[in-house]
Amino acid sequence: MGGEKNVGQAKGGKAKAKTPRQRLSDKEGSSGGDAPRKSTKPNKERTKATAKSQRAEKVKVQKKVKAFKTESVESFDDVRFNLAVKEEPEDGDFAQEKRGKKRKRPEDEPMEGPSCSSATPMLNRKLKEKDEADPRTEKNTKEGIKKEKKPKKEEAEHPVTTKKKSKEEIEAAKALKIKKREEEEQQRWRWWEEDKYEDGVKWKFLEHRGPFFPPEYQHLPDNVNFYYNGKVVKLGLAAEEVALFFAQMLDHEYTTKDVFRNNFFKDWRKEMTLEERVLISDLNKCDFRELHNMHKEKVEARKAMSKEEKLVMKEANQKIVEEYGFCILDHHRERIGNFKIEPPGLFRGRGEHPKQGMLKKRIQPEDVIINCEKKSCIPEPPAGHHWKEVRHDNTVTWLASWTENVQGSCKYVMLNPSSKLKGEKDWEKYEVARRLKSCVNGIRQQYQQDIKSKQMETRQRAVALYFIDKLALRAGNEKEEGETADTVGCCSLRVEHLTLHDLLEDKDCVVEFDFLGKDCIRYYNKVPVTKRVFKNLKLFMKNKEPGDDLFDRLNTCLLNKHLSSLLPGLTAKVFRTFNASITLQEQLRQLSNMTDNPAEKLLSYNRANRAVAVLCNHQRVPPKTFDQSMANLQSKIDGRREQLALAKSELKLAKKEVQAHSSDSKLQAVVERKKKAVQRCEEQLMKMEVQATNREENKQIALGTSKLNYLDPRISVAWCKNMEVPLDKIYNKSQRDKFAWAVDMTGADFIF
DNA sequence: GAAAATACTTAGAATTCGTCTG
DNA sequence: CAGACGAATTCTAAGTATTTTC
């Protein structure tokens with residue numbers, strides 16, 4: 001991999017000009033047709049015009065945008081596009097795809113919830129009660145929980161005092177780990193063996209303790225001062241808290257950006273008292289250095305804590321997790337994903353976000369809606385507070401929600417990826433993708449036909465679908481202008497994001513894409529397309545301004561409506577899932593050999609994974625220490641090479657000795673030992689070389705996102721079985737938990 | 001029928017953890 | 001035995017897609 005690095009930067013960052021359709025509606029009535037969504041936007045035209053030039057300026061500043069060359073996707077294309085229909089996929093019905101028999105759900109009617117008042121161990125206790133009442137889960141859950149507690153206690157009794165670990169101790173620890181893992185496996189809820197609920201119902205019983213609130217702000221110590229214009233200013237609690245948010249970020253690039261600073265200052269002033277506001281009128285005159293230093297010292301102090309202190313902290317955290325981190329969902333104790341209310345701070349939008357630096361306010365219980373079962377023990381709000389609302393909606397999966405003040409969007413407390421609710425959805429997602437596999441040829445034929453349609457809408461839809469399928473682009477919903485960074489997906493592409501080349505680098509009909517996608521990650525790619533697509537693109541771009549929509553007759557709603565008529569459940573993003581998974585499967589087939597050694601097998605897996613990450617444009621900023629650590633590794637490799645050479649010559653010497661002194665058994669043994677040493681050296685060297693290759697290839701590519709969200713885990717599980725690679729070489733603990741369903745149900749014969 | 005609200009998945013950055021090494 | 005480093009985990013922003021509202 002690698003290839004040319006591309007310079008320059010993504011286009012965009014330009015005010016979106018009106019589409020022809022919008023212009024038309026403007027004609028119809030000056031204020032009618034294209035009314036802004038938010039009535040709080042008067043003078044839209046004028047602000048737009050100025051915004052346009054401002055943004056054009058900004059584009060130049062936008063140097064920070066991560067430049068990245070998307071590896072040509074072509075090599076994967078062939079794979080994906082030659083997917084024959086003849087590969088008969090298994091029957092798509094995912095409910096049917098089970099080994100063994102379905103179990104009946106244990107609880108079909110809501111449970112009796114004894115109304116309890118407070119009680120900390122409520123969840124556990126209750127679970128026990130239920131288990132006693134329900135013999136089916138007794139073995140799995142009750143014992144499991146009891147056992148689970150035990151090792152923790154032991155840990156607490158023998159803290160880190162065991163300094164020198166003897167071999168036996170290490171062994172014992174390992175054994176304990178294995179035992180623990182087995183026990184965990186034992187008590188795992190095998191929901192995939194149960195019947196599904198009727199449509200829309202997500203749970204029958206749900207109980208939890210409500211979200212965990214961050215601690216209240218405490219005033220700064222007296223010796224830490226904020227200065228304005230060189231003079232000490234004692235700020236009130238509210239203003240001081242916000243000042244500290246800024247001070248803590250002083251080392252961050254954010255605080256050098258004008259937008260960030262202005263937004264922060266505006267919102268900070270809102271938190272000030274009248275006197276403070278009168279006094280503090282210029283951010284440049286503010287001196288946060290003492291606050292900043294205090295913060296840094298605190299961080300240092302935390303790092304320097306003794307083991308005992310760290311342990312105390314850890315245990316305190318554990319307690320919070322135990323208490324707030326779990327809920328009971330239909331008889332089972334499930335981990336919650338984000339049970340902590342997001343603490344207040346300064347909004348960190350990605351890229352050129354117009355709202356970066358704004359104050360993200362503290363959430364009070366009065367802002368929070370609780371969702372749980374009516375008969376469950378309703379969570380208590382913190383003392384002296386009340387919830388905004390308590391509702392009992394079992395058609396949704398969230399436990400609590402609140403509205404965030406910066407964007408006005410809703411935030412939810414939901415379950416961990418290892419939970420049934422998330423797992424089931426995930427499984428279903430891959431089943432839809434597999435269904436797409438069985439009919440993708442037909443769909444491809446159809447959109448190729450549609451490209452010739454007389455209807456402009458149909459043509460645009462066909463070309464957009466071609467991109468989504470071929471390049472794994474995201475759908476591209478419309479976004480509210482000025483509220484977020486200027487990013488696009490397929491349907492929201494603008495003329496300025498494409499450059500057409502009749503001939504480029506010996507290829508006909510090349511489209512050069514350059515735009516910012518989700519999270520302001522740049523998508524840059526030069527793709528040869530069919531003549532028909534190329535001609536259509538020319539047509540779509542004719543008589544349009546750079547800022548106009550490429551697909552002016554199309555949006556994601558229309559596209560998805562069409563897709564779901566082709567196959568129920570089909571939407572634009574299914575193509576991404578499907579193409580990612582099929583690419584992994586195909587790459588694994590091509591790259592890996594049973595005869596390879598374990599390190600090589602893993603390298604192949606990572607390469608297949610990487611092919612997908614490249615396809616999906618999953619990037620990362622190369623770690624700051626990348627070059628350094630690469631050099632380190634290289635010098636290690638060099639060192640090992642020398643060692644190997646040395647070992648080899650020693651071996652030679654030893655062999656000579658043996659020849660000279662006939663067969664002295666002692667010398668024979670020496671030879672054997674030297675042989676082993678050489679072998680060991682070779683192995684280690686090889687391992688490190690593979691590691692170096694892998695790391696280099698991963699420099700700016702992030703594998704995690706595709707592994708977690710796009711690759712059917714059953715492909716990986718089956719591969720592990722076929723290649724005799726232990727699963728934990730490719731999935732860490734939380735990945736194994738998330739994909740427990742796949743691990744359990746997949747055999748070596750699985751085909752996506 | 002468009003806009004807004006809602007619910008949920010996907011995403012990279014930031015932080016924390018654990019272990020290896022000098 | 002600290003401290004460097006990579007892996008794992010946490011955090012929350014930013015998408016997609018559907019439903020509700022006007």
Side-chain angles (χ1 to χ4, degrees), chain A residues 25 33-39 66 163 200 202 249 252 254 299 302-304 307 310 313-314 317 321 337-343 345 347-351 353 355-356 360 369 371 393 395-398 401 403-404 406-412 414-417 421-422 425-426 429 474-480 483-485 487-492 516-521 555-561 563-564 569-574 576-577 580 613 616-621 623-626 628-629 632-633 636 691 695 698 700 702 704-706 708-710 731-735:
Chain A
S25 50
D34 189 31
R37 266 180 236 173
K38 279 209 175 156
S39 49
K66 297 151 205 163
K163 287 269 161 75
K202 304 287 167 57
M249 290 181 71
H252 202 290
Y254 271 126
V299 171
R302 195 150 18 121
K303 263 195 226 159
K307 288 210 165 145
K310 277 185 184 164
M313 293 277 288
K314 206 175 165 185
N317 276 328
V321 173
N338 55 329
F339 60 91
K340 287 179 180 160
I341 294 277
E342 293 173 17
F347 179 75
R348 296 153 97 112
R350 310 267 166 88
H353 197 116
K355 297 193 170 185
Q356 61 187 101
K360 198 170 91 166
I369 304 173
N371 190 36
D393 182 354
T395 67
V396 295
T397 66
W398 52 269
S401 73
T403 302
E404 159 266 4
V406 175
Q407 318 229 57
S409 64
C410 215
K411 300 265 188 171
Y412 301 91
M414 287 185 190
L415 296 189
N416 186 277
L421 284 178
K422 295 287 184 192
K425 203 79 189 292
D426 213 33
K429 172 180 79 185
R474 295 189 185 82
N477 280 329
E478 282 153 273
K479 302 170 74 184
E480 202 150 1
E483 300 286 301
T484 62
T487 63
V488 297
C490 184
C491 292
S492 51
L516 297 182
K518 183 177 180 178
D519 290 318
C520 288
I521 297 295
N555 59 38
T556 52
C557 207
L558 249 35
L559 177 65
N560 280 335
K561 242 175 218 157
L563 288 175
S564 72
L570 185 62
T571 62
K573 88 186 182 86
V574 177
R576 246 168 107 79
T577 311
C616 294
N617 201 37
H618 291 143
Q619 299 181 35
R620 61 170 190 167
V621 193
K624 282 197 183 89
T625 54
F626 185 86
Q628 183 57 52
S629 79
N632 287 349
L633 187 58
K636 254 196 207 161
Q691 193 188 359
R695 211 190 283 175
N698 258 353
Q700 17 185 213
T705 303
S706 49
L708 229 49
N709 300 300
Y710 288 102
Y731 285 149
N732 65 33
K733 174 88 172 78
S734 43
Q735 289 163 342

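Lettering follows sequence order; numbering is per chain, from 1. Computed from a prediction, not measured in an experiment: that's the story for all the values here.
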Atom pairs, protein N/O to nucleotides 6-8 of chain C N/O, distance under 3.5 Å:
residue	atom	partner	partner atom	Å
C/dG6	OP1	A/Ser629	OG	3.0
C/dG6	OP1	A/Arg695	NH1	3.0

Hey, does A/Pro417 reach any base, or is it just sugar-phosphate, or nothing, if we go heavy atoms under 4.0 Å? nothing
Examine the side chains of A/Thr484 and A/Lys479 and answer whether a donor and an acceptor come within less than 3.5 Å of each other. yes
Check ring-ring contact (aromatic ring centres under 6.0 Å, His included) between A/Phe339 and all other residues, then give those that pass, not counting sequence neighbours. none
Between A/Tyr254 and A/Thr403, whichever has its closest DNA chain B nucleotide further toward 5' is A/Thr403
If I take atom CG in residue A/Asn338 and atom P in nucleotide C/dT9, what distance separates them, rounded to the nearest angstrom? 17 Å
Which part of the nucleic acid, if any, lies within reach of A/Ser409 when heavy atoms closer than 4.0 Å are counted: base, sugar-phosphate only, or nothing? nothing
What nitrogen or oxygen pairs link the protein and nucleotides 18-22 of chain C at under 3.5 Å?
none

Using a cut-off of 4.0 Å on non-hydrogen atoms, how would the nucleic acid contact of A/Ala572 be classed: base, sugar-phosphate, or nothing? sugar-phosphate
Can you tell if the side chain of A/Cys491 reaches within under 4.5 Å of the side chain of A/Thr556, non-hydrogen atoms only? yes
Contact class for A/Lys360 vs. all strands (heavy atom < 4.0 Å): base, sugar-phosphate, or nothing? sugar-phosphate
Looking at A/His353, I'd like to know whether one of its side-chain N or O atoms comes within less than 4.0 Å of OP1 or OP2 on C/dA14. yes
The answer to which of A/Asn477 and A/Asn416 contacts DNA chain C further toward the 5' end, by nearest nucleotide, is A/Asn416
Within a strict 4.5 Å, meaning less than it, do heavy atoms of the A/Val621 and A/Gln700 side chains meet? no
Name all residues meeting the side-chain hydrogen bond (donor to acceptor under 3.5 Å, both in side chains) criterion together with A/Thr705; count only those two or more places apart in sequence or in a different chain, and write none if there are none. none
Tell me every residue that passes ring-ring contact (aromatic ring centres under 6.0 Å, His included) with A/Tyr412, counting only those two or more places apart in sequence or in another chain. A/Trp398
Under 3.5 Å, N/O pairs linking protein and nucleotides 7-10 of chain B:
residue	atom	partner	partner atom	Å
B/dA7	OP2	A/Trp398	NE1	3.4
B/dA7	OP2	A/Tyr412	OH	3.0
B/dC8	OP1	A/Lys202	NZ	3.1
B/dC8	OP2	A/Thr397	N	3.0
B/dC8	OP2	A/Thr397	OG1	3.0
B/dC8	O5'	A/Thr397	OG1	3.3
B/dT9	OP2	A/Lys422	NZ	2.4
B/dT9	O3'	A/Lys573	NZ	3.2
B/dT10	OP1	A/Lys573	NZ	3.0
B/dT10	OP2	A/Lys429	NZ	2.8
B/dT10	O3'	A/Tyr710	OH	3.1
B/dT10	O2	A/Lys518	NZ	2.6

Whole-Å distance between B/dT15 C1' and A/Lys303 NZ? 11 Å
Which is true for A/Gly476 with a 4.0 Å heavy-atom rule: it touches a base, it touches only sugar-phosphate, or it touches nothing? sugar-phosphate
Check whether any side-chain heavy atom of A/Gln407 sits under 4.5 Å from a side-chain heavy atom of A/Glu404, and report yes or no. yes
